[in-house]
2 protein chains.
Amino acid sequence: MSERLLPRAERRRRTEGRILDAARTLFADMGFERTTIRAVARAAAVDPALVMQYFGSKQELFRQAVRVAPVPDAGLDADELVDQLIGALSMKIGELPQSSLAMMRSMLTHPEAAASARELLGKQIDRLADSIPGEDARLRAALMTMVMLGVTVGHQLLELDELRDVPQEEIARVLRPSLRALTGPTVS
Amino acid sequence: MSERLLPRAERRRRTEGRILDAARTLFADMGFERTTIRAVARAAAVDPALVMQYFGSKQELFRQAVRVAPVPDAGLDADELVDQLIGALSMKIGELPQSSLAMMRSMLTHPEAAASARELLGKQIDRLADSIPGEDARLRAALMTMVMLGVTVGHQLLELDELRDVPQEEIARVLRPSLRALTGPTVS
DNA sequence: GTCTATAACAGGATAGAC
DNA sequence: GTCTATCCTGTTATAGAC
């Protein structure tokens, strides 16, 4: 509790960080609408009005809380891509960035989150399409992306028993041929 | 406008129907939280308090609006199942029951919708698992279900360009091998 | 009495005063 | 940084119409 001794700028930085952490957790857990400024403030141990003071609006707080690092692009072939997708899936809920969960949680009900999701998924589709040969690369890339989204939603957000109780290697094993089938008409 | 001449019971039935239709549309469009009782009442051309009088709570209105007929069970083999899933997907947004869309729209942010979704998806998984051979039938069935959910979310709810601009037969053609790969390790 | 409309309350986001 | 006032929710209580 030596925060009183810190310079103003540093204290402000830490407070903002605490607020953003609390916001990420709550947004990821309950979505945009059910998350109240008051609850965020309580979780961060600050005055509710301070949150408004710092971020201006709940909208803007959300925007900064879910800001997610863009996917690092890399030229891979189709099989490597499948492996990478499967790898990303096997992350546990605690490890997967809360900001992504927060965005996914609200993407069906909050316009801003929907826009972010479309943008992020679009980038993912672009990246996949670049590594897939053929006329219909974009369609295949989009379907691969939606397959991963569906499985992630069922696993992380809906927490279906059928997916939660199964070791990730098992999921990966069953899912791999299905994703491979989407990379192209023939396994050259 | 001869409604005045109808018996009370009939008038009430129609008014309830109008309210439920309006609620379904709004819930499907904006989700549970962003749908206000007042907006539903306005769309149905009734007084807001009437909605409460009839349904008791927004929760109960939602419950009745999204009540969806259970999937008719049928013993099919794996390939027929894939065809059926693909067929269900090709329904356009206007044809797919609004009640299902309403439930899907809110399943990530509204606890009641989440419970309904788990139940409905669970039934779908059971049905699929019965038609799939092997130890891991339930896992495969769950993944098939989530694949369909992901594609549906991308298509109907997120309305991704990559899926909206493509004819359904095209989607079906690309998706079919991927679903087949989930029905079992070998195509007997 | 049953249906409909009005008013009042509690909790939320937000703007402005202090 | 904090407090207060305003507006919009869901919900309940109350009054009026048939």
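Lettering of chains follows the sequences in order, A, B, ..., and the numbering in each one begins at 1.
A straight line from CG of A:Leu50 to C1' of D:dC3 spans 13 Å, rounded to a whole angstrom. The nearest whole Å value for the distance from the CE atom in A:Met52 to the P atom in C:dT14 is 5 Å. For the pair B:Ile19 CD1 and C:dT4 C1', the interatomic distance rounds to 11 Å; values are reported in whole Å. Atom P of nucleotide C:dT4 and atom CD of B:Gln53 are separated by 8 Å, given to the nearest angstrom. Here C:dA13 presents its P atom at 13 Å from CD of A:Gln59, a figure rounded to the nearest Å.
Phosphate proximity of C:dT4 to B:Tyr54: present, with a side-chain N or O under 4.0 Å from OP1 or OP2.
Tested against A:Thr35 for a side chain to side chain contact (heavy atoms under 4.5 Å, CB included), the candidates A:Leu61, A:Leu26, A:Thr25 yield a single pass: A:Leu26.
The shortest side-chain heavy-atom distance between A:Leu143 and B:Leu163 falls under the 4.5 Å cut-off.
A salt bridge between A:Arg118 and B:Asp161 is absent, with no side-chain N of the basic residue lying under 4.0 Å from a carboxylate O of the acidic one. Salt-bridge formation is not detected for the pair B:Glu169/B:Arg173: no Lys NZ or Arg NE/NH1/NH2 atom is positioned less than 4.0 Å from an Asp or Glu carboxylate oxygen.
Listed in residue order, the members of residues 21-46 of chain B having a heavy atom less than 4.0 Å from DNA chain C come to none.
In the set C:dC3, D:dC3, C:dT14, the nucleotide with an atom closest to the side chain of A:Lys58 is C:dT14. Comparing D:dC3, C:dT6, D:dT12 by their nearest atom to the side chain of A:Ala49 picks out D:dC3.
When heavy atoms are screened at a 4.0 angstrom cut-off, B:Phe55 is found touching no nucleic acid atom at all. Within the 4.0 angstrom heavy-atom criterion, base atoms lie near B:Asp47.
With rounding to the nearest 0.5 angstrom, the CG atom of B:Asp79 is 9.0 Å from the CZ atom of B:Arg176.
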Name every donor-acceptor pair, under 3.5 Å, that has one atom in a side chain of residues 47-56 of chain B and the other anywhere in the protein, sequence neighbours excluded.
| unit_1 | atom_1 | unit_2 | atom_2 | d |
| --- | --- | --- | --- | --- |
| B:Asp47 | OD1 | B:Ala49 | N | 2.9 |

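Both B:Pro48 and B:Arg12 lie near DNA chain C, and the one whose nearest nucleotide falls closer to the 5' end is B:Arg12.
Sorted by first and then second residue, the salt bridge (Lys or Arg N to Asp or Glu O under 4.0 Å) pairs involving residues 23-37 of chain A (not counting sequence neighbours) are A:Asp21-A:Arg24, A:Glu33-B:Arg34, A:Arg34-B:Glu33.
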